[in-house]
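Worksheet: one structure, shown below.
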Amino acid sequence: MTKEELTVLAAKLMEEEDQNRIPPDIALDSAVAGMRLYDKPILGFAGAEDPLFHELKKPEAVGPHFLTPQEWMQEAQTVISLFFPLSPEVRKSNRVDMSWPSLGWVHARAEGMDMIDRVNQRLREMLESRGYLVLSPVRSERFFALEDEVQRIYTSNWSERHVAYVCGLGTFGLSKGLITKKGVAGRFTSIVTNLELVPDARPYTGLYDYCSLCGACVRNCPAGAISLETGKDHVLCSRFVNATIERYNAPGTRTRRNKRYGCGKCQVKVPCETGPCKPKP
Ligand code: SF4
Ligand code: SF4
């Protein structure tokens, strides 16, 4: 399979998903029933042996617990990163009340993420049916994510945003989102495979090339979690986002991974919402 075929296939699989529109029977309000959640994904490709994956083991990056593609799969040749931009409807809905996430936004985080997981799974099945080995690290039994407010630890052994950076999809912003050519508002997923493909060139050199430090995300943040001087405070962000779980989920419903919650005020009403803010010449 070629990179172009994979890109077309990912978009087609997404369009086939009923749940890319909020199903009326589960909509939190009839006003958001049928709202489109994501636009077609953009894909980035990196060689599994890219030295930057080893750089992610440094404490100032993800940390020594980060597993490289070949630590996930010995035969790995390529990492495919996919970015699903949030639809204009969802982004617009999240610009109205800057205190709480919109219903469209939390549906995109829950049912939308289910949909992205299924697209990932169907892509893997397609590759497997052609004889390739495939793995999605976050769906692997070896994946772990740590969240410890006391020790201020928010990390995992596979970081979709860092992997997307290596795959050429974008650079970090002050808010710690990854700013892609389609903006910062969206979700990532990835696949490790032994399919050999030519890696994409990274059109940047610095971690923050697409962020102008304009400060719009600082002003938008309802938790006061972002600062121009010190960047993002994960504890303050996490506390706020966790508070939204109680607001949008009946007790005991849905799993932690696909609960309805979120915020995303640092991803809307900002210059990097739909594209790089400070592209390198
Ligand atoms: S809003 Fe401005 S400061 Fe914040 S991430 Fe985007 S470009 Fe950077
Ligand atoms: S997600 Fe919300 S609380 Fe967290 S940094 Fe962004 S704006 Fe602030």
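All ligand and atom numbering here is 1-based and tracks the order in the structure. All residue numbers refer to positions in the sequence shown, counting from 1.
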In terms of residue, atom name and distance, what is the protein heavy atom nearest to atom 4 (Fe) of ligand 2? Cys237 SG, 2.4 Å

Return the closest protein heavy atom for atom 3 (S) of ligand 2 as residue, atom name and distance. Cys221 SG, 3.7 Å

Show all protein N/O/S atoms under 2.8 Å from atom 4 (Fe) of ligand 1, or state that there are none. Cys217 SG

Using a 4.0 Å cutoff against the non-hydrogen atoms of Gly264, which atoms of ligand 2 qualify? 1 (S)

Among Pro222, Ala225, Cys263, whose heavy atom sits nearest atom 1 (S) of ligand 2? Cys263

Does the distance from a Lys or Arg side-chain N to an Asp or Glu carboxylate O, for [X] and [Y], drop under 4.0 Å?
{"X": "Arg202", "Y": "Asp209", "value": "no"}
{"X": "Glu273", "Y": "Lys269", "value": "no"}
{"X": "Lys58", "Y": "Glu55", "value": "yes"}
{"X": "Lys40", "Y": "Glu15", "value": "no"}

Might you confirm whether atom CD of Glu125 has over 12 heavy atoms from other residues, nucleotides or ligands at distances under 6.0 Å? yes

Below 3.5 Å, can you tabulate the donor-acceptor pairs from side chains in residues 21-32 to any protein atom, sequence neighbours excluded?
residue, atom, partner, partner atom, Å
Arg21, NH1, Gly34, O, 3.1
Asp29, OD1, Ala31, N, 2.8

Pairwise distance CZ(Phe172) to NE2(His162) - rounded to 0.5 angstrom: 4.0 Å

